[in-house]
Amino acid sequence: MDLAGVGVWTSQLRYGDQGQAAESAAELEELGFTALWIPDVSGGVLDSVEHLLKSTRQVVIATGILNLWMNDPADVAARFAALPEADRERTLLGIGVSHAPLIDSKEPGKYRRPLAATRAYLDAIDATPQPVPVANRVLAALGPKMLELAATRSRGAHPYLVTPDHTRFAREQLGTGPLLLPEQTVLLTTDRDEARGIGTDWLKSYLALPNYRNNLLRTGFSEDDVDSVSDRLFDAIIAWGDEDTVLRRVREHLDAGADHVCVQVLTADPREFPHEQWRRLADALTRRT
C-alpha cells in the first residue's frame, strides 16, 4: 500500500452521481494521486469503497472516516475479508468517532466516552473470525489520548481540519513508526473575497463541532479566532491561492512529519466534481517532481 505523496479527500466520490464518481476515480488515479479518501456521515460507506475499488486498479481507497456509530464492527470485518486479496491490499479503513451533535441528533445520548467507544470498536473488530488487519486501519485522531490509541491499535492517524503545527504535534505524540495522514482543505483562487465567500460558511459548520473547536483552541487559536473565523484561523486551515501556494502548504505538513497529505478542494458549488482543480494540482505536482 503506497501512502506516500498526495491524495484527494472528496465527498463527491461518495455522495455524487456514482457513474461520474467511477469515471472521476479512474481519472484521479491516472493523474497520479496515491489515495482517494471518502467521508461517512450516513453509514454504509463500504458500498462506496467497493464501488471505487471496482472503478480503479491500483490507487488506495480510504475512508475518512468510517463512522463507528453507524457501521457494525462484525459487518465491517466480514465485508473487508470478503474483498479480493488485491483489493484488500489497497483498502485503508480510517475509523472515527464522529461528533456528538451529529450522532445525538438522531439518537439522543448515544454519543458518549469517545475514547472508550473507539477502543471497544477495535476490540469488537479484533474479536471477529477475520479481523481487519492493523496495517489496513487508521484512526481519526486529534488529541493526545486518541493519537496514542492510533499509535498502538492501528497503522496511524488521519487528522482532519488541522494545521502543519498540529501535524508536528501529532508526529511527536505518535513517534516515528505510525503513519500520519492529515487532510488539507484548499481553494484555488487568489482573490481573498472569493476565498472567504466560499470557505467561511463551510468552516463555520465545522467550528460548531466541539472536537474541532477544542482542537483549534489547544493548537493555539483564541476563542475570538474561532468565534469570528478570523483571517488568522481561516488562512491556517484553508490553503487558498495558486497551485504553488497549495503545494507549499502540503510541503509544510510533510516537513512537520506527515507521510501523506490528502487535499480537499472547495468550490462555489459543493456538489460539483472539481475536475479542473484536481487536474491543475496534479499538473503542478508533476512539475514539482
Side-chain angles (χ1 to χ4, degrees), residues 1-67 71 75-96 132-133 135-138 140 154-156 158 160 179 181-186 246 250 258-267 270-286 288-289:
M1 185 184 293
D2 178 12
L3 282 166
V6 178
V8 169
W9 195 106
T10 165
S11 62
Q12 289 87 354
L13 293 185
R14 173 77 204 279
Y15 296 112
D17 175 82
Q18 289 304 285
Q20 193 172 359
E23 294 175 0
S24 298
E27 180 181 5
L28 287 167
E29 180 176 48
E30 290 298 320
L31 288 172
F33 293 105
T34 56
L36 307 180
W37 295 76
I38 57 173
D40 180 25
V41 295
S42 56
V45 70
L46 294 180
D47 292 336
S48 294
V49 168
E50 292 179 6
H51 178 66
L52 295 174
L53 287 168
K54 292 175 182 177
S55 305
T56 55
R57 300 188 309 275
Q58 294 179 322
V59 69
V60 173
I61 306 300
T63 58
I65 49 121
L66 180 148
N67 191 317
N71 295 275
D75 180 60
V76 169
R79 293 278 298 272
F80 181 88
L83 292 172
E85 182 179 358
D87 285 349
R88 291 198 302 272
E89 290 176 355
R90 62 187 183 100
T91 299
L92 183 66
L93 298 185
I95 299 169
V132 177
N136 293 86
R137 66 196 196 200
V138 295
S154 79
R155 193 174 179 183
H158 170 52
Y160 183 93
L179 294 177
L181 317 164
E183 175 270 349
Q184 175 61 59
T185 306
V186 308
V246 170
V250 169
D259 297 285
H260 166 95
V261 180
C262 45
V263 294
Q264 176 179 189
V265 174
L266 297 188
T267 64
R271 297 167 298 181
E272 74 174 355
F273 287 72
H275 295 293
E276 176 191 351
Q277 291 86 350
W278 288 336
R279 291 164 187 159
R280 287 171 58 187
L281 289 173
D283 181 64
L285 283 165
T286 300
R288 280 288 184 92
T289 57

Worksheet item: Under 4.0 Å between a Lys/Arg side-chain N and an Asp/Glu carboxylate O for R271 and D17?
Response: no
Worksheet item: Does R137 use its side chain to pair, donor to acceptor, with the backbone of L93 at less than 3.5 Å?
Response: no
Worksheet item: With sequence neighbours left out, what residues match E276 under side chain to side chain donor-acceptor pair (under 3.5 Å)?
Response: none
Worksheet item: Do you know which two heavy atoms are closest between A25 and L13, and how far apart they sit?
Response: N-CD2, 4.1 Å
Worksheet item: Given the rule in the side chain to side chain contact (heavy atoms under 4.5 Å, CB included) test, do V59 and L28 qualify, once you have shown the distances and angles that lead to the verdict?
Response: CA-CA 9 Å; V59 69; L28 287 167; over 6 Å; no
Item to complete: Report the C-alpha separation of T56 and E29 in whole Å, then their side-chain angles, then the decisive distance to 0.1 Å, and conclude whether the side-chain hydrogen bond (donor to acceptor under 3.5 Å, both in side chains) test is met.
Response: CA-CA 7 Å; T56 55; E29 180 176 48; 4.7 Å; no
Worksheet item: Does the salt bridge (Lys or Arg N to Asp or Glu O under 4.0 Å) test come out yes or no for R57 and E30, once each step is laid out?
Response: CA-CA 10 Å; R57 300 188 309 275; E30 290 298 320; 2.9 Å; yes
Worksheet item: Under 3.5 Å, side chain of W9 to main-chain N/O of G64, donor-acceptor pair present?
Response: yes
Fill in: Results of side chain to side chain donor-acceptor pair (under 3.5 Å) for Q264 - residues two or more places apart only
Y160, E183
Practice prompt. Check H260 against L3 and note the closest heavy-atom contact, atom names and distance.
Written response: CB-O, 2.8 Å
Fill in: Residues which pass side chain to side chain donor-acceptor pair (under 3.5 Å) with N67, listed by chain and number, not counting sequence neighbours
S98
Item to complete: Please lay out, stage by stage, how L281 and V265 fare under the test side chain to side chain contact (heavy atoms under 4.5 Å, CB included).
Response: CA-CA 10 Å; L281 289 173; V265 174; 3.9 Å; yes
Item to complete: Assess whether side chain to side chain contact (heavy atoms under 4.5 Å, CB included) is satisfied between S42 and R14, documenting all intermediate values.
Response: CA-CA 11 Å; S42 56; R14 173 77 204 279; 3.8 Å; yes
Item to complete: Let me see the working for L46 and L66 under side chain to side chain contact (heavy atoms under 4.5 Å, CB included), right down to the final yes or no.
Response: CA-CA 8 Å; L46 294 180; L66 180 148; 4.1 Å; yes
